[in-house]
Amino acid sequence: MVMVTSSAPGLRGTPVVPGVAFAPALVVRAEVSPEAVARFDELAYADADAALAAYDGAAQAVSDGFVRKAAAASGDAANVLTASAGLARDKGLRGAVRKHLRAGEGLLAAVHAGVEQFVTVFTGMGGLMAERVTDLRDIERRITAHLVGEPEPGVGVPPVPCVLVAEDLAPADTAGLDPALVVALVTEKGGPTSHTAIIARQLAIPCVVGVAGAMTIAADTPLLVDGAAGTVETEPDAEAAQARVGADVATRAALASWSGPGRTADGESVKILANVADGESARSAAGAPVQGVGLFRTELSFLNRKDEPSVEEQAEIYAEVLDAFGGDDRYVVIRTLDAGSDKPVAYATLEGEENPALGVRGLRLSFENPGLLDRQLDAVQRAAASTGTEAWVMAPMVATVAEAAEFAEKVRARGLKAGVMVEVPSAALLAHRMLEVVDFLSIGTNDLTQYTMAADRMATDLAHLTDPWQPAVLQLIAITAEAGRRAGKPVGVCGEAAADPLLACVLVGMGITSLSMAAAAVRPVGAQLARATVDDCEDAAEAALAAADPLSARDAVRAVLA
Ligand code: PEP
Ligand code: MG
């Protein structure tokens, strides 16, 4: 494995998409030209209605632009762009702008005030809605550009391959990216779950986010970006940099040829599983070298539903996923509804909670509404019976042993294997007692990190805290894995941590028995694990646990596994 060199001056951030790239910086400043704004006469309209008509025209043009980009994109990128198209034409936003115009404000001031009003509301809602603040500010800039007669700001088509450097990228910027021309992404803000990160993962563009000082990089500075190490070296030795890129290409080619099953270099079996959202993603994941599904996020099928689907309809949806994994000793871990917080489901989520991430989400919804869980379990039972695929069922957001016991009783009454997710630190600390009442545990490192570090997983400014390499998070994972070892029961990881090849080895060294991840991460993780013995993994775990912070933990583990 290639080591991080420190010969060139550099910056560091949170690694999001692995890969090494070397190219000049294209620094994107997402603001409209201040001169054009200064020239604009915002009181030139006859009255508030005339100004509102100008706003409508600009908002429509911005929305049309998003629609065009969405049509040229696919998957997550298309969804993100379609959502932005709707937000640009949002009636509430228009109403806020009209109110400020009628109060006598100039047009640009009214647009700004209207957007800020929405920013406050979205920020207050937290979670996914807070993440949309970047989109709102992007929409304001685009509408402003149309009003003052400038081209929309953001990323144009770069003339040569470049490393895109920005404060934070708006969905419209990331979605239209051509990986042949944008060879890496570096952002000053943004966390591992930001839009930049989501799109970079989809396009497999090496990406580092949360890089302090990124915006001080001068345009055209040669940059060497290592998306696995989270490093951005400025003006490195060109020959050495090209060699690093070459070595990375060779490594990636070797990774792509891994064909399973999951095991260490000395033959210890580790189940490699996929995270899926519905039948379509399950069918696609079934083609990857995986032994089943470690996390089926059932709530993702219901995000746009007003009313609870019937047991029959739910059973059909679950059966589609189970069907994709029939035979061959494969199994599917179905997670019961994790509605609430960043995944609002209209028919289940409570309204107006002060702090939804700490509120009634996941299993907690069944405290007041047990029928919701009972009907879902009935549907899972039917789907398992109709497909014959082995179904395990687990609950999200479990905090006490009593919750786990009650859940397990309901699941076992339907002849299914019962487990709970470890997402709340209390569940990790009491993992040994949880394992007395359930058949398996699955660690959701996304939420476990959020709750351990008291840092919103969607907060773009807290990427250094929402990092599963944080020593406190690693300790809790180690406690949970050790409890599994002692009980002789499976303990998996299904959060984003399992998709990080280096961290995957650390987890196995702690005693984790399965790793579940987005299908795209399966081969890199499987291949990395196949190169390490159990002893290597245990040494990696020890090194990670002993490190003072995430960056030194990554460096220490990289040195152990080199
Ligand atoms: C997690 O929290 O790590 C997890 C897998 O669940 P989700 O990301 O769906 O909250
Ligand atoms: Mg979770």
Side-chain angles (χ1 to χ4, degrees), residues 16 76 126-131 191-194 197-198 201 273-278 281 285 292-303 321 332-345 348-349 356-365 376 392-399 403-404 407 419-428 431 440-459 465-470 472-474 476-477 480-481 491-500 503-504 507 512 514-519 521 525:
V16 170
D76 289 342
L128 266 188
M129 297 312 283
E131 184 82 357
T193 47
S194 61
I198 292 168
R201 260 187 223 111
L273 307 167
N275 290 355
V276 305
D278 51 22
S281 58
V293 168
L295 171 63
F296 169 18
R297 290 179 162 103
T298 54
E299 66 283 349
L300 298 186
S301 295
F302 309 126
L303 289 181
V321 171
V332 173
V333 183
I334 301 177
R335 191 222 353 238
T336 54
L337 208 63
D338 187 22
S341 189
D342 56 328
K343 287 167 290 208
V345 172
T349 311
L358 300 181
V360 184
R361 66 168 285 203
L363 182 69
R364 296 172 182 188
L365 287 161
Q376 186 172 26
W392 302 13
V393 187
M394 65 181 181
M397 195 68 183
V398 174
E403 288 168 15
F407 176 78
V420 293
M421 292 188 74
V422 174
E423 298 178 293
V424 183
S426 62
F440 69 96
L441 296 176
S442 181
I443 307 176
T445 46
N446 308 335
D447 277 314
L448 184 61
T449 306
Q450 151 164 279
Y451 296 128
T452 303
M453 303 307 296
D456 184 341
R457 59 193 270 185
M458 293 294 172
L465 293 177
T466 53
D467 187 328
W469 286 85
Q470 279 287 350
V473 179
L474 294 177
L476 289 173
I477 297 172
T480 311
V491 175
V493 170
C494 64
E496 289 295 304
D500 174 336
L503 190 46
L507 299 173
I512 291 297
S514 69
L515 300 162
S516 191
M517 63 207 77
V525 167

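Atom set for the values below is all heavy atoms of this structure, side chains included, hydrogens, waters and symmetry mates excluded. Numbering of ligands and ligand atoms starts at 1, following listing order.
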Are Glu403 and Arg364 close enough for a salt bridge, meaning some N to O gap below 4.0 Å?
-> no
Ring pair (Phe, Tyr, Trp, His ring centres under 6.0 Å) involving Phe440 - partner list, sequence neighbours excluded = Trp392
Taking only heavy atoms of Arg297 into account, list the atoms of ligand 1 that are under 4.0 Å away from them.
-> 4 (C), 5 (C), 6 (O), 7 (P), 8 (O), 9 (O)
Nearest atoms (heavy-atom pairs only) where Ala504 meets Leu515 = CB-CD1, 3.8 Å
closest protein heavy atom to atom 7 (P) of ligand 1 is Lys343 NZ, 3.2 Å
Could I get the full list of side chain to side chain donor-acceptor pair (under 3.5 Å) partners for Asp447, not counting sequence neighbours?
-> Arg361, Gln450, Arg457
Under 3.5 Å: donor-acceptor pair, side chain of Tyr451, backbone of Ala357 | yes
Going by the side chain to side chain contact (heavy atoms under 4.5 Å, CB included) test, name the single residue among Ile477, Leu507, Leu476, Val473 that passes it with Ile443.
-> Ile477
Correct closest heavy-atom pair for Val276 and Ala285 would be CG1-CB, 4.0 Å
Enumerated ligand 1 atoms positioned under 4.0 Å from heavy atoms of Leu295 | 5 (C)
What are the protein N, O or S atoms, given as residue plus atom name, that sit under 2.8 Å from the Mg ion (ligand 2)?
-> Glu423 OE2, Asp447 OD2
Looking only at distance, does Arg335 have an N or O less than 3.5 Å from an N or O of ligand 1?
-> yes
Sequence neighbours excluded, the answer for ring pair (Phe, Tyr, Trp, His ring centres under 6.0 Å) partners of Trp469 is none
Asp278 side chain vs Leu300 backbone, donor-acceptor pair below 3.5 Å = no
Is any N or O atom of Glu299, backbone or side chain, closer than 3.5 Å to an N or O atom of ligand 1?
-> no
Can you sort out which atoms of ligand 1 are near Arg457, meaning under 4.0 Å from one of its heavy atoms?
-> 2 (O), 7 (P), 8 (O), 10 (O)
For Asp338, the atoms of ligand 1 under 4.0 Å from one of its heavy atoms are 10 (O)
What pair of heavy atoms forms the shortest contact from Pro425 to Thr452, and how long is it?
-> CG-OG1, 3.6 Å
Pick one of side chain, backbone, both or neither for how Glu496 approaches ligand 1, counting any non-hydrogen atom pair under 4.0 Å.
-> neither
